[in-house]
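Worksheet: the structure to be examined is printed underneath.
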Amino acid sequence: MLNPRLEQLSDYAFQRLAALLAPLAPPPDLEPIDLSIGSPLHPTPQLLIDTLAEHGHLWNRYPPIVGTPALREAAADWLVRRYGLPAGTIDPTRHLLAVAGTKEALYLIAQAIMPDAKAGARPAILLPNPLYNVYLGAAVMAGAEPVLLTASAETGYLPDLDRLSPALLARTVAFYLCSPSNPQGAAADLAYLGRALELARRHDFLLIADECYAELYSREPPAGALQAAMRLGRSLDHLVVCHSLSKRSSAAGLRSGFVAGDPAVMAGFARLRSYAAAVQPLPVAAAAAALWRDEAHVEANRALYRQKFDLAEERLGGRFGFYRPDGGFFLWLTVADGEAAARRLWTEAALKVLPGAYLGRPDERGDNPGDGAIRIAMVHDLETTDAALRRIAATLD
Ligand SMILES: Cc1ncc(COP(=O)(O)O)c(C=O)c1O
């Protein structure tokens, strides 16, 4: 009855964490703080609440599968502003589809592009390791071989593009690149993005740039793959970028994002989506359009994260391999043993953190690049975050 490929999908990281901590209890005198899940807890923007309410009369209508024209235009305009693209680079009808959160889109796009074979061999999908697990699910369920590329401190927390053999590249169908990355917060620079795109074009695969953390940064705005494409000419061939309101606007519950890029891919993706994808209700689309057109709430959001990273630097700087991520809202701390640290932080400090290994997979030598790390989601308010950071500093060696 069941698709045997499902067996290759291991338990999600949070199920594994629940199993790890189930036999253990936190100290009764401490309020537990969950730092394991990257669910943004900053206040919901008033603009979202108001716009949803203003469009409350539209719940009775079926929405267009590709997104409303207003939302697609707002998203395309935002891309042009955010990345300084030449006006008109993104045609909202040819290059961009609204999606009900990028999670479903990241999964589904692999199903839209997968051939039976490439260069006479089994198709491969390149993935960073550690990774956002949905990429792996997408590759496995599409029938590709998932090829995990170590992204460790030695490789600048991004896959090493020089390690890809010609034979592998020949059968590669897609490369999921997360920048800024979850979990390590590393942003690829324009040179890296350009090289990845050149490889995609030379070897005829799709670069899927997951840029959902691109708006959360302390210092410089991270570069985007569309900027790299502009440097190479104006073509969007072999590239799609994925953006989300979940982190930018602390609106994970809205389920709203978009995918933009290669028009041929977008046409095929739209066709699959008309059979398989969730549509966004019209009030949601109206709220999403308003959020893409507003920067004030994003600046406030960023400022709060910046304050929390300042605090983290103060409390943890110089210990646990602390560094300030280029983007995103995670700390990626070095510890001797990630599971042991997670157990200890729960039993001694009432803190839930994610062992890095749960976000990675063992490589061909059996080494998991997430080993020896924990991921801390800096998603709480300032006061709670400070309490958590103090507890980490006092608990871990
Ligand atoms: C790297 C990465 N990509 C994509 C997503 C999906 O975000 P959403 O579906 O809320 O747009 C997440 C969510 O945590 C993520 O961490």
Side-chain angles (χ1 to χ4, degrees), residues 12-15 17 34-42 44-45 48 67 71 75 78 96-110 125-139 148-149 151 157-159 174-188 207-217 222 224-225 240-260 273 277-280 284-285 287-288 291-292 298 301 305 325-332 354 356 358-360 370 375-379:
Y12 222 66
F14 303 111
Q15 290 165 286
L17 180 63
D34 189 347
L35 306 167
S36 66
I37 300 190
S39 187
L41 297 176
H42 294 186
T44 302
L48 189 170
L71 171 52
W78 174 79
L96 193 143
L97 292 170
V99 300
T102 49
K103 178 176 181 171
E104 63 94 346
L106 287 162
Y107 173 81
L108 210 53
I109 197 158
I125 291 195
L126 308 181
L127 309 168
N129 188 22
L131 77 169
Y132 178 53
N133 270 281
V134 172
Y135 311 151
L136 189 64
L148 290 153
L149 308 174
Y157 292 126
L158 293 168
F175 174 18
Y176 282 87
L177 175 65
C178 188
S179 173
S181 63
N182 173 5
Q184 315 94 326
L207 177 62
I208 303 171
D210 179 359
E211 300 183 338
C212 73
Y213 291 98
E215 287 285 83
L216 307 185
Y217 52 86
V240 296
V241 298
C242 303
H243 283 275
S244 171
L245 289 172
S246 298
K247 332 292 178 191
R248 175 183 184 268
S249 301
S250 298
L254 193 67
R255 310 307 306 130
S256 190
F258 67 83
V259 180
R273 298 184 66 75
V279 289
Q280 287 188 293
V284 168
L291 291 171
W292 287 116
V298 188
N301 205 19
Y305 283 116
D326 298 328
F329 51 44
F330 297 113
L331 290 180
W332 183 247
L354 201 60
Y358 292 3
L359 296 163
R375 193 190 74 174
I376 312 277
M378 300 273 283
V379 290

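The residues of the chain are indexed from 1 along the displayed sequence. Ligands are counted one by one from 1 in listed order, and the atoms in each one are counted from 1 as well. Worth knowing before you read on, the calculation uses all heavy atoms, side chains too, and leaves out hydrogens, waters and symmetry mates. From a predicted model like this one, the values you see are computed outputs, not experimental measurements.
- The aromatic rings of Y135 and Y132 stand perpendicular to each other, their planes meeting at an angle above 60°, with 30° marking the opposite boundary.
- The shell of residues lying under 4.0 angstrom from ligand 1, judged by heavy atoms, excludes G257.
- Contact check for H42 versus Y305: side-chain heavy atoms found under the 4.5 Å cut-off.
- Near C178, meaning under 4.0 Å from any of its heavy atoms, are these atoms of ligand 1: 1 (C).
- Contact annotation: A252 has no heavy atom less than 4.0 Å from any atom of ligand 1.
- Considering SG of C178 and CG of L106, their distance stands at 8.5 Å, rounded to 0.5 Å.
- Nearest-heavy-atom check against atom 6 (C) of ligand 1 across Y176, Y132, F330 picks out Y132.
- Rounding to the nearest 0.5 angstrom, the gap separating the CD atom in E211 from the CG atom in L177 is 8.0 Å.
- From the protein, the heavy atom lying nearest to atom 10 (O) of ligand 1 is S246 OG, 2.5 Å.
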Does the side chain to side chain contact (heavy atoms under 4.5 Å, CB included) test come out yes or no for L136 and Y176, once each step is laid out? CA-CA 9 Å; L136 189 64; Y176 282 87; over 6 Å; no
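- For atom 9 (O) of ligand 1, the nearest protein heavy atom (residue, atom name, distance) is R255 NH2, 2.7 Å.
- When only non-hydrogen protein atoms are considered, atom 7 (O) of ligand 1 lies nearest to T102 OG1, 3.3 Å.
- Counting protein heavy atoms only, atom 14 (O) of ligand 1 is closest to K247 NZ, 2.8 Å.
- Note that CG of N182 is 6.5 Å distant from CG of L359, once rounded to the nearest 0.5 Å.
- The CG atom of D34 sits 7.5 Å away from atom CG of L17, with the distance rounded to the nearest 0.5 Å.
- Under the 30°/60° scheme for interplanar angles, the aromatic rings of F258 and W78 are found to stand perpendicular.
- Shown in contact with L106 at under 4.0 Å from a heavy atom are these atoms of ligand 1, numbered in order with element: 3 (N), 4 (C).
- Heavy-atom proximity to Y135, at under 4.0 Å, picks out these atoms of ligand 1: 1 (C).
- Proximity to D210 (heavy-atom distance under 4.0 Å) selects the following atoms of ligand 1: 1 (C), 2 (C), 3 (N), 4 (C).
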Go through L291 and L254 one step at a time and tell me if the side chain to side chain contact (heavy atoms under 4.5 Å, CB included) criterion holds. CA-CA 11 Å; L291 291 171; L254 193 67; 4.1 Å; yes
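- Here's the thing with S256: none of its N/O atoms is less than 3.5 angstrom from an N/O atom of ligand 1.
- Of all the atoms in ligand 1, the ones that sit under 4.0 Å from a non-hydrogen atom of G101 are 9 (O), 11 (O).
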